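Right, one structure below, let's go through it.
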Amino acid sequence: MMTPIMRRLTYAGIAPFVIALLIKWEVLAPFVEADLMLWGYATVIAAFMAGSHWGAAIRSGDPVVLLASNGFALAVFALAVWMRTPIGVIFLAIIFAAQLLLDRRLQIQAQLSAPYWRMRVIVAAMVCAILVLYAIT
């Protein structure tokens with residue numbers, strides 16, 4: 001069940017991605033380097049999502065979700081360490097999109113509620129779009 005606070009916190013989670021983009025575009029005065037902010041926050045959120053998938057895999061016993069959760073965490077770590085480039089940011093967007101596909105699998109298995117799934121689609125689309133904009137500008 002999606003509570004109002006869960007919904008607000010999820011949407012608020014988009015803000016650091018937007019702030020990093022606005023800093024890069026020099027719309028906001030930099031209080032931190034845009035790349036550092038983007039990579040730090042994206043790594044945290046992608047790892048958080050991988051952890052939520054790990055928990056879902058424990059509940060469902062689904063080996064695909066289990067392996068994917070670990071793969072996503074390791075892939076984001078590798079990108080953050082060795083590929084902090086515009087291409088790396090595109091790969092981050094791909095990982096966030098793939099995590100959404102994993103959520104779709106969980107939603108089909110009735111592991112996720114319909115309201116949560118709808119919100120995830122919106123938030124993931126926004127994050128992926130922001131990451132692509134960040135990478136190409």
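Computed from a predicted structure; not experimentally measured.
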Hydrophobic clusters here meaning ILVMFWY residues chained together by side-chain heavy-atom distances under 4.5 Å, can you tell me if Val123 and Val89 are in one? yes
Please list all pairs passing the salt bridge (Lys or Arg N to Asp or Glu O under 4.0 Å) test where one or both residues lie in residues 119-135, with sequence neighbours left out. Asp103-Arg120
Grab the two heavy atoms, one from Trp54 and one from Asn70, that are nearest each other, plus how far apart they are. CZ3-ND2, 3.0 Å
What's the separation between atom CD1 in Ile23 and atom CG in Leu36, rounded to the nearest 0.5 Å? 10.0 Å
Is there a side-chain contact (heavy atoms from CB on, under 4.5 Å) between His53 and Leu106? Walk through the geometry before answering. CA-CA 9 Å; His53 290 138; Leu106 292 168; 3.8 Å; yes
Step by step, work out the side-chain contact (heavy atoms from CB on, under 4.5 Å) result for Met83 and Phe91. CA-CA 9 Å; Met83 202 170 181; Phe91 282 126; 3.5 Å; yes
With rounding to the nearest 0.5 Å, note down the distance linking CZ in Arg118 to CD in Gln107. 9.0 Å
Can you list every salt bridge (Lys or Arg N to Asp or Glu O under 4.0 Å) pair that touches residues 10-32, not counting sequence neighbours? none
How long is the gap from CD1 on Ile130 to CG on Leu92, to the nearest 0.5 Å? 13.0 Å
May I ask you to check whether over 12 heavy atoms, not counting those of Ile87, lie within 6.0 Å of atom CD1? no
Is Ile94 linked to Val132 within one hydrophobic cluster, defined over Ile, Leu, Val, Met, Phe, Trp and Tyr using a side-chain heavy-atom separation of less than 4.5 Å? yes
Flag yes if more than 12 heavy atoms outside Tyr116 fall under 6.0 Å of its OH atom; otherwise flag no. yes
Report yes or no: does Gln109 contribute a side-chain atom to a donor-acceptor pair with the main-chain N or O of Ser60 at less than 3.5 Å? no
Mind listing the side-chain donor-acceptor pairs of residues 1-22 below 3.5 Å, one per line with the distance, residues two or more places apart or on another chain?
unit_1, atom_1, unit_2, atom_2, d
Thr3, OG1, Met6, N, 3.2
Thr10, OG1, Met6, O, 2.8

Intermediate values then yes/no, salt bridge (Lys or Arg N to Asp or Glu O under 4.0 Å), Asp62 and Arg105: CA-CA 10 Å; Asp62 186 333; Arg105 180 181 179 92; 2.7 Å; yes
Nearest-0.5 Å distance that lies between atom CD1 in Ile58 and atom CG in Leu66: 7.5 Å
Is there a continuous path of hydrophobic side-chain contacts, each under 4.5 Å between heavy atoms, that joins Val121 to Leu101? no
So, taking the atom named CG in Leu133 and the one named SG in Cys128, what distance separates them when rounded to the nearest 0.5 Å? 11.5 Å
Hphob cluster co-occupancy, Leu131 + Val27, side-chain heavy atoms under 4.5 angstrom: yes
Output the distance between atom CD1 (Ile45) and atom CZ (Phe48), rounded to the nearest 0.5 Å. 7.0 Å
